[in-house]
Peer 1: 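One structure, pasted below without further comment.
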Amino acid sequence: MAKTDQNRYRLVCFIVSVALNVFLIANLCISRKPLSWSTTAAAEAEAVASISCSGHGRAFLDGLIENGKPVCECNACYGGPDCSQLLPNCVADADSGDPLFLEPFWLKNSGRSTVVIPGWHRMSYDYSDNSYISQELEKNIRKLHAITKNAVTDGRYIVFGAGSTQLLNAAVYALSMNMSSPAKVVAEKPFYPVYKEQTEFFKAKLFEFHGDASLLRNGTSNTIENVIEFVASPNNPDGNLKKAVLEGPSVKTIHDYAYYWPHYTAIPAPADEDLMIFTMSKLTGHAGSRFGWAIVKDKDVYENMLKYKSLADSGTSKDTQLRALKLIKVVLEDGGQGIFNFAYKTMRGRWTKLNHVLSLSKRFKLQEIPPSFCKYSQTVRGASPAFAWLKCAKEEDSNCHKVLHHEANILGREGGSFNAEDRYVRLSLVKSADDFNLLLDRLKELVSMEEQNQTLRSS
C-alpha cells in the first residue's frame, strides 16, 4: 500500500512539473512581442549576407545594385560576378594598413555584433547630458583597458574622435595652446608619415613640423623649448616598443598607441602617460567606422581638445558611437579571449611564415622583435607585428620599394615616407588572407630566383 502511495506521489509531482513548465514557456512566448519594424531591416541584412562571393569578396547593403540585387565587391586580384576569377599579373598590394584580417572573426560573430539603427535614433547633436560622448561607451572603454591591461584610465578624461588621425592633430592643437612660441613638432625616425603630413597640411601659427626628434636630443637647452614629440608604440613601421626621446619641462608628448593591443605586441605594462591615443580600427578592424579616443590627464588639455572637436565636427557620429559600443561589448563578453586569441594566432602565423621564407634569403632582411612577457595573456609571446620592415641588404639595391615592384610585382610603402632610407620598405601584414597569401607567394618566387641566380654563379 505504501509503495502504491509513493508511486502516486511521484506521478502527481511529474504532472505538476510538466504543467508548470508549460505555463512558464507559454507566458514567456506571450510576453515576448513579435518583431515589427525591425523585421524588414533584418531580412535585408540576411539577404545580402547570403550572397555568395566565393570567399574572395563581400556584398554590402550600401553596395551597387544590379538587376535589383547587391553585387559582390571583390578582393584585390579577384573578379567576376561571384569573385571566383583570379586576375593574372595582379599587383600584390601590401601598402595600406587596412585591418581586414579580422573580418573572419566578425563573420563568425555576426549575430552578437549586429546593430539595427532605427530612423529616429539620436537625431540631436547632443546626448541628454549635453555632451558629445556616450557615457555608456566611455564606461566600456575604461573596462576594456582594465581587462586588456594596456592603459591606465583612472582619474583621466576621455575624448572621442573620428579615428586616431583627427585626435593626433587635436592633441597638437591642445598642447600648443599655452606655449610661448610656435611648437616644434617632432618624431624619432622612422615615424608614421601622417605626423608630418597632417602638421604641415594645417599650417597653423601655433605649431610647425621640425623632423627627427633625435636631432634635438643633443642640442642646446633652448632648442628643446616648446616641443611636441609624437611617440608610436609599437612603432609604425617597425613594430618596436618605443619611449620618448626628449624630456624636460618644455617638452610635451603624444603617445600613439594604435597598435598597443595583444594582436600586435606583448603588453609589458599598462601605459601610464599624460596623453594617449587609441583607435578602434586596429582593435576590432573597423577602420571604416572612423572611431578613436584619447585618454588625457590634464584638464586644460582635455578642454582644448574638446574645443577642437566642437569646431571640427560638433562631436563624433552617434551612429558610430553606437556601433563602437556594440563591438566593444562583444570583445568584453569573454574578457577579450575570443578576438585577442584569434587575432594573435593570425598575426603570429603570418609573421612565422614570412620569417621562414625570408630566412632563406641573403638579399632581404626583416626587423628582429624578441619574445617578451605579456601582462594580458600572462605568457611569453613571440612577435606578431602589423608590418614587416624589410631591408634590401645588397649595396646595389638602394631603393627596396622599386626592387620589389619591378622584380616581384609587390607594392609596399617606401622607407623615405617614414623619414628613413629607401633601402627599407614597409609591407602590410594586416590585410585580407587573399592579400597576405599573394604577398607570400610573390616573396617565395623572389627568394627562389635569388637561389637560382646563386646556383648559376657558383656553377
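Only heavy atoms go into these numbers, but all of them, side chains included; no hydrogens, no water, no symmetry mates.
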Peer 1: Is the side chain of Glu421 donor-acceptor paired with the backbone N or O of Lys391 at a distance under 3.5 Å, no angle test?
Peer 2: no

Peer 1: Using 0.5 Å steps for rounding, measure from the CG atom of Leu354 to the CG atom of Leu439.
Peer 2: 6.5 Å

Peer 1: Under the 3.5 angstrom rule, does the side chain of Arg426 hit a backbone N or O of Gly415 as a donor-acceptor pair?
Peer 2: no

Peer 1: Looking at every heavy atom in both Met305 and Ala294, which two are closest together, and how far apart are they?
Peer 2: CE-CB, 3.8 Å

Peer 1: Given His145, which partner from the list Tyr260, Tyr257, Trp261 fulfils the ring pair (Phe, Tyr, Trp, His ring centres under 6.0 Å) test?
Peer 2: Trp261

Peer 1: Within a reach of under 6.0 Å around CD of Glu46, are more than 12 heavy atoms found that belong to other residues, nucleotides or ligands?
Peer 2: no

Peer 1: Is the side chain of Glu450 donor-acceptor paired with the backbone N or O of Lys362 at a distance under 3.5 Å, no angle test?
Peer 2: yes

Peer 1: Can you tell me how far apart CG (Asn140) and OG (Ser134) are? Round to the nearest 0.5 Å.
Peer 2: 8.5 Å

Peer 1: Would you say CD of Glu136 has more than 12 non-hydrogen atoms from neighbouring residues, nucleotides or ligands within 6.0 angstrom?
Peer 2: yes

Peer 1: Is there a side-chain contact between Ile51 and Phe60, using heavy atoms and a 4.5 Å cut-off?
Peer 2: no

Peer 1: Report the distance from atom OG of Ser361 to atom CE of Met449, rounding to the nearest 0.5 Å.
Peer 2: 11.5 Å

Peer 1: Does any part of the side chain of Leu404, heavy atoms only, come nearer than 4.5 Å to the side chain of Leu446, both counted from C-beta?
Peer 2: yes

Peer 1: Could you check whether the SG atoms of Cys53 and Cys74 sit less than 2.5 Å apart, since that is the cutoff I want to apply?
Peer 2: no

Peer 1: State, to 0.1 Å, how close Thr148 and Pro262 come at their nearest heavy-atom pair, and which atoms those are.
Peer 2: CG2-CD, 3.6 Å

Peer 1: Compute the ring centroids of Phe101 and Phe436, then answer whether they are less than 6.0 Å apart.
Peer 2: no

Peer 1: Provide the closest heavy-atom pair for Leu167 versus Gly292 in the form atom of the first, atom of the second, distance.
Peer 2: CD1-C, 3.5 Å

Peer 1: Would you say Asn109's side chain and Arg112's backbone share a donor-acceptor pair under 3.5 angstrom?
Peer 2: no

Peer 1: First locate atom CZ of Phe105, then atom CG of Leu107, and finally report the distance between them rounded to the nearest 0.5 Å.
Peer 2: 11.0 Å

Peer 1: Mark yes when over 12 heavy atoms from residues, nucleotides or ligands other than Lys242 sit less than 6.0 Å from its NZ; otherwise mark no.
Peer 2: yes

Peer 1: Before giving the answer on side chain to side chain contact (heavy atoms under 4.5 Å, CB included), spell out for Arg217 and Leu246 the whole-Å C-alpha distance, their side-chain angles and the decisive distance to 0.1 Å.
Peer 2: CA-CA 6 Å; Arg217 182 167 45 192; Leu246 306 173; 4.1 Å; yes

Peer 1: Check for me whether the distance between the ring centres of Phe207 and Phe230 falls short of 6.0 Å.
Peer 2: no

Peer 1: Decide, yes or no, whether a salt bridge links Glu138 with Arg142 under the criterion of side-chain N to carboxylate O below 4.0 Å.
Peer 2: yes

Peer 1: May I ask you to check whether Tyr424 and Asp238 show a side-chain donor-acceptor distance below 3.5 Å?
Peer 2: no

Peer 1: Using a strict cut-off of less than 4.0 Å between a Lys/Arg side-chain nitrogen and an Asp/Glu carboxylate oxygen, indicate whether Asp272 and Arg156 qualify as a salt bridge.
Peer 2: yes

Peer 1: Working note: Lys297 + Leu275, criterion side chain to side chain contact (heavy atoms under 4.5 Å, CB included); need CA distance, chi angles, decisive distance, verdict.
Peer 2: CA-CA 6 Å; Lys297 195 172 190 178; Leu275 204 165; over 6 Å; no

Peer 1: Quick check against the 3.5 Å criterion: does Asn409 have a side-chain atom that pairs as donor or acceptor with the backbone of Cys90?
Peer 2: yes

Peer 1: List the atom of Leu411, the atom of Val91, and the distance in Å for their closest heavy-atom pair.
Peer 2: CB-CG1, 3.7 Å

Peer 1: Take a 6.0 Å sphere around CZ of Phe201 and say whether it holds more than 12 heavy atoms from other residues, nucleotides or ligands.
Peer 2: no

Peer 1: Under the ring pair (Phe, Tyr, Trp, His ring centres under 6.0 Å) test against Tyr259, which residue among Tyr192, Phe278, Tyr264 passes?
Peer 2: Tyr264

Peer 1: I'd like to check His263 versus Tyr344 (side-chain heavy atoms, cut-off strictly below 4.5 Å). Are they in contact?
Peer 2: no

Peer 1: Between Asp98 and Lys431 (salt bridge meaning N to carboxylate O under 4.0 Å), is one present in this structure?
Peer 2: no

Peer 1: Please answer whether the main-chain N or O of His255 pairs with a side-chain N or O of Glu273 as donor and acceptor at a distance below 3.5 Å.
Peer 2: no

Peer 1: Atom CG of Asn235 and atom CD of Gln367: how far apart are they, to the nearest 0.5 Å?
Peer 2: 10.0 Å

Peer 1: Quick one about Asp434 and Ser432 (side-chain donor to acceptor, distance below 3.5 Å, no hydrogens or angles considered), yes or no?
Peer 2: no

Peer 1: Does the structure place the NZ or CZ of Arg323 under 6.0 Å from the centre of the six-membered ring of Phe291, at an angle of no more than 45° from the ring's axis?
Peer 2: no

Peer 1: Between Arg381 (side chain) and Cys374 (backbone), is there a donor-acceptor pair under 3.5 Å?
Peer 2: no

Peer 1: Is the closest side-chain heavy-atom distance between Leu306 and Tyr157 below 4.5 Å?
Peer 2: no

Peer 1: Phe364 vs Lys394, test: side chain to side chain contact (heavy atoms under 4.5 Å, CB included). Steps then yes/no.
Peer 2: CA-CA 8 Å; Phe364 305 103; Lys394 293 177 68 174; over 6 Å; no

Peer 1: Does the side chain of Leu100 come within less than 4.5 Å of Val430's, by heavy atoms?
Peer 2: no

Peer 1: Considering only heavy atoms from C-beta outward, does the side chain of Val186 approach that of Phe191 to under 4.5 Å?
Peer 2: no

Peer 1: Could you list the donor-acceptor pairs under 3.5 angstrom formed between side-chain atoms of residues 168-176 and any protein atom two or more places apart in sequence or on another chain?
Peer 2:
residue, atom, partner, partner atom, Å
Asn169, OD1, Tyr308, OH, 3.0
Ser176, OG, Val172, O, 2.9
Ser176, OG, Tyr173, O, 3.0

Peer 1: I need the minimum non-hydrogen distance between Ala244 and Val231, along with the two atoms involved.
Peer 2: CA-CG2, 3.6 Å

Peer 1: Counting C-beta onward and ignoring hydrogens, is there a side-chain heavy-atom pair between Met177 and Leu206 closer than 4.5 Å?
Peer 2: yes

Peer 1: Show your working on side chain to side chain contact (heavy atoms under 4.5 Å, CB included) between Leu144 and Leu332 and close with a plain yes or no.
Peer 2: CA-CA 7 Å; Leu144 172 67; Leu332 292 173; 4.2 Å; yes

Peer 1: Do you know the tightest heavy-atom contact between Glu73 and Leu64?
Peer 2: OE2-N, 4.4 Å

Peer 1: Among side-chain atoms of Asp274 and Thr253, is any donor-acceptor pair under 3.5 angstrom?
Peer 2: no

Peer 1: For the cysteine pair Cys72/Cys83, does the gap between the two SG atoms stay under 2.5 Å?
Peer 2: no

Peer 1: Can you tell me if NZ on Lys252 sees more than 12 non-hydrogen neighbours from other groups inside 6.0 Å?
Peer 2: no

Peer 1: For Gln166 and Arg290, indicate whether the former's side chain and the latter's backbone hold a donor-acceptor pair under 3.5 Å.
Peer 2: no

Peer 1: The criterion is side-chain contact (heavy atoms from CB on, under 4.5 Å); which residues satisfy it with Leu360, sequence neighbours excluded?
Peer 2: Val447, Glu451

Peer 1: Main chain of Ser96, side chain of Ser428: is a donor-acceptor contact present, judged purely on distance under 3.5 Å?
Peer 2: yes

Peer 1: Nearest 0.5 angstrom please: Thr320 OG1 to Lys318 NZ, how far?
Peer 2: 10.0 Å

Peer 1: Who pairs with Asp397 by salt bridge (Lys or Arg N to Asp or Glu O under 4.0 Å), at least two apart in sequence or on another chain?
Peer 2: Arg363

Peer 1: Any side-chain heavy atom of Lys149 sitting closer than 4.5 Å to one from Gln378?
Peer 2: yes

Peer 1: When you check the side-chain N and O atoms of Ser84 and Asp82, is any donor under 3.5 Å from an acceptor?
Peer 2: yes

Peer 1: Quick check against the 3.5 Å criterion: does Glu229 have a side-chain atom that pairs as donor or acceptor with the backbone of Val245?
Peer 2: yes

